[in-house]
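Here is the structure we will look at.
Remember, it's 1-based here, ligands and their atoms both numbered in the order they're listed.
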Amino acid sequence: MTKSENIVWHDSKVVKEERQKQKGQKSAVVWFTGLSGAGKSTISVEVENELYRQGLHTFRLDGDNVRHGLNNNLGFSAEDRAENIRRVGEVAKLMSDAGLLTLTAFISPYREDRDKVREIMDDDEFIEVYVACDLEVCESRDPKGLYQKARAGEIKGFTGIDDPYEEPKNPELVVHSDQNSLEECVQQVVDYLRQNGYFEA
Ligand SMILES: Nc1ncnc2c1ncn2[C@@H]1O[C@H](COP(=O)(O)OS(=O)(=O)O)[C@@H](OP(=O)(O)O)[C@H]1O
Ligand SMILES: Nc1ncnc2c1ncn2[C@@H]1O[C@H](COP(=O)(O)OP(=O)(O)O)[C@@H](O)[C@H]1O
């Protein structure tokens, strides 16, 4: 729902299909979701690097980074997380409209919020990648020391500890970062994109 009235869509002469053709790829939003420490950032960085080195046009949006700027007025309540994901979904859609292979790394713990992002995209444009990892493993990794703080009660409402994470029901892809190496997880994502025609090798 938009608050403003009397606004009319203005089309460009250059259409999305032309932008994709110019870049030699099919644009998409590769949406990584999973617990903190599951590996969303690490895997998405490596996937982007691999795609870029193959001459593809990419961009990456990451929770920690976006919360420093665009979403620096949002916290971690369910409402703020929903707004975080809504805005990121809209930005990712714009990037995909621009013809880019866009990768996002957000916990995005609520199924409804992720599904709303899927709904604003074209068919095959939204690729949900569940980075599955046991909470115990995430906690033992604790790359930022946040689980320790959450267990000590210094962070309230931490996902997986005292805040929910709703697993995707029908993601396009699941990578198990607690069973497979980083290289294997990255390869799975790159293979999915190639095999589904987002780019040609
Ligand atoms: N309460 C709480 N719960 C979860 N995460 C927290 C919290 N407070 C701070 N952080 C840090 O913020 C990162 C998650 O931001 P996101 O924008 O991805 O979260 S969300 O999608 O809106 O749920 C998350 O980053 P990742 O560890 O990379 O997932 C944490 O570093
Ligand atoms: N198979 C794997 N895939 C991704 N990360 C892994 C894997 N195995 C171990 N790790 C480590 O787990 C941590 C994941 O942290 P990070 O990428 O910040 O997670 P997230 O973005 O989901 O919070 C990193 O320290 C990374 O080196």
Notebook entry, point to check: When you check the gap from the basic side-chain N to the acidic O, do Arg81 and Asp163 get nearer than 4.0 Å?
Noted result: yes

Item checked: Atom indices of ligand 1, in the order listed, that fall short of 4.0 Å to a heavy atom of Ser36 -> 26 (P), 27 (O), 29 (O)

Notebook entry, point to check: When you measure from atom 13 (C) of ligand 1 to every protein heavy atom, which one gives the shortest distance, and what is it?
Noted result: Asp64 OD1, 3.6 Å

Check: Taking atom types as modelled and ignoring hydrogens, do the side chains of Gln22 and Glu18 form a donor-acceptor contact shorter than 3.5 angstrom?
Finding: no

Next item on the list: Select one of side chain, backbone, both or neither to describe which atoms of Phe76 lie under 4.0 Å from any atom of ligand 1, heavy atoms only.
Entry: side chain

Checklist line | Residue portion contacting ligand 1 (non-hydrogen atoms closer than 4.0 Å) for Leu74 | finding: neither

Next item on the list: Pick one of side chain, backbone, both or neither for how Leu146 approaches ligand 1, counting any non-hydrogen atom pair under 4.0 Å.
Entry: side chain

Margin query: When you compare the side chains of Tyr198 and Gln25, does any donor N or O come within less than 3.5 Å of an acceptor on the partner?
Written below: no

Note to self: What I'd like to find out is whether the side chain of Val189 reaches to under 4.5 Å of the side chain of Tyr192, using heavy atoms alone.
What the structure shows: no

Margin query: Need the ligand 1 atom indices (1-based, order shown) with element for anything under 4.0 Å from a heavy-atom of Gly157.
Written below: 1 (N), 2 (C), 3 (N)

Next item on the list: Kindly tell me which protein residues have any non-hydrogen atom under 4.0 angstrom away from an atom of ligand 2, grouped by chain and ordered by number?
Entry: Leu35, Ser36, Gly37, Ala38, Gly39, Lys40, Ser41, Thr42, Ile43, Arg141, Pro143, Ser177, Asn180, Ser181, Leu182, Cys185

Check: Which ligand 1 atoms, with their elements, are less than 4.0 angstrom from a heavy-atom of Gly63?
Finding: 17 (O), 18 (O)

Notebook entry, point to check: Taking heavy atoms and a distance under 4.0 Å, where does Asn71 meet ligand 1: side chain, backbone, both or neither?
Noted result: neither

Next item on the list: Please write down residue, atom name and distance for the protein heavy atom closest to atom 16 (P) of ligand 1.
Entry: Arg67 NE, 3.6 Å

Notebook entry, point to check: If you count the atoms of ligand 1 from 1 in the order shown, which ones are under 4.0 Å from a heavy atom of Lys144?
Noted result: 25 (O), 26 (P), 27 (O), 28 (O), 31 (O)

Notebook entry, point to check: Any idea which atoms of ligand 1 are less than 4.0 Å away from a heavy-atom of Thr159?
Noted result: 3 (N), 4 (C)

